[in-house]
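Whatever order the structure lists ligands and atoms in, that order sets their numbers, starting from 1. What you see is a predicted model, and the numbers here were worked out from it, not measured in a lab. Starting from 1, each residue takes its place in the sequence as its number.
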Amino acid sequence: MDTLPTDRPPDIRVLAMPADTNAAGDIFGGWLMSQVDIAGSILAFRIADGRVATVAVNNFTFLKPVFVGDLVSLYTRLVKIGNTSVQIAVEAFAQRHRGIEESHKVATATLTYVAVGEDRRPRPIPKQ
Ligand SMILES: CC(C)(COP(=O)(O)OP(=O)(O)OC[C@H]1O[C@@H](n2cnc3c(N)ncnc32)[C@H](O)[C@@H]1OP(=O)(O)O)[C@@H](O)C(=O)NCCC(=O)NCCS
């Protein structure tokens, strides 16, 4: 069992649904990757003060499986601000009931987002 971060709320909490499963009946890794990207983009959007594009997903690690009915919480942390890019670390936790409630860290990744303008080209990250 793992402990959820207590110093900040999750950026996203979402229930894993039957529609999100793979052929074996567990939650599809691509679904979790999507939630991680969305969570990271929320913080990136705030830092960039507008539109961002995901340019890289690094060190994506699936630590434990996610099951239908798990409550998945995603926590983000700013790693680095560059000229036009921002690097965000994301941790995903699943809470599930097996008689008692269990929390498990299920995935981690570091993503890079680029601030883009109307023309979809990189623009500088505003001074924080
Ligand atoms: C994001 C995009 C606009 C960047 O354009 P680009 O011409 O490659 O931009 P640059 O080479 O000037 O790099 C911009 C920043 O991204 C960083 N970057 C580029 N490629 C990177 C990579 N593979 N990993 C990490 N950072 C990267 C650069 O270091 C730079 O950061 P900095 O300005 O903070 O130093 C362009 O690559 C793009 O449109 N990609 C598709 C994005 C997308 O559709 N994502 C969703 C996929 S479904």
With a 4.5 Å limit on heavy-atom distance, are the side chains of Asp70 and His104 in contact?
no
Any non-hydrogen protein atom below 4.0 Å of atom 43 (C) of ligand 1?
yes
Sub-4.0 Å protein heavy atom near atom 40 (N) of ligand 1:
no
Atom 28 (C) of ligand 1: protein heavy atom closer than 4.0 Å?
no
Please give me the minimum heavy-atom distance between Ala109 and Val36, naming the atom from each residue.
CB-CG1, 4.1 Å
Does CZ in Phe28 sit with more than 12 non-hydrogen atoms of other residues, nucleotides or ligands closer than 6.0 Å?
no
Return the residue, atom name and 0.1 Å-rounded distance of the protein heavy atom closest to atom 3 (C) of ligand 1.
Arg120 O, 3.5 Å
List every atom of ligand 1 that sits less than 4.0 Å from any heavy atom of Gly82, numbering the atoms from 1 in the order shown and giving each element.
34 (O)
Are more than 12 heavy atoms from other residues, nucleotides or ligands located less than 6.0 Å from atom CZ of Arg120?
no
May I ask whether Gln87 places a heavy atom under 4.0 Å from ligand 1?
no
In this structure, are over 12 heavy atoms from other groups packed under 6.0 Å from Phe45 atom CZ?
no
Closest non-hydrogen atom pair, Met17 against Ile27
O-CD1, 3.7 Å
Should Glu91 and Arg77 count as side-chain neighbours, where that means a heavy-atom distance under 4.5 Å?
no
Quick one: does atom 9 (O) of ligand 1 have a protein heavy atom under 4.0 Å from it?
yes
Any protein heavy atom under 4.0 Å from atom 16 (O) of ligand 1?
yes
State, with a plain yes or no, whether a side-chain heavy atom of Val14 is found less than 4.5 Å away from one of Gln35.
yes
Can an N or O of Arg121 be found at a distance shorter than 3.5 Å from an N or O of ligand 1?
yes
Closest by any non-hydrogen atom to atom 37 (O) of ligand 1: pick that one out of Val55, Thr84, Thr54, Ile125.
Val55
For Thr112, counting its heavy atoms only, list the atoms of ligand 1 lying under 4.0 Å from any of them.
25 (C), 26 (N)
Quick one: does atom 13 (O) of ligand 1 have a protein heavy atom under 4.0 Å from it?
no
For atom 31 (O) of ligand 1, tell me which residue out of Pro122, Ser34, Ala56, Ser85 has the closest non-hydrogen atom.
Ser85
Would you say the side chain of Phe93 lies within less than 4.5 Å of the side chain of Val72, judging by non-hydrogen atoms?
no
Any protein heavy atom < 4.0 Å from atom 33 (O) of ligand 1
yes
Check whether any side-chain heavy atom of Tyr75 lies under 4.5 Å from a side-chain heavy atom of Leu4, and answer yes or no.
yes
Counting only heavy atoms, which portion of Val114 has something under 4.0 Å from ligand 1: side chain, backbone, both, or neither?
side chain
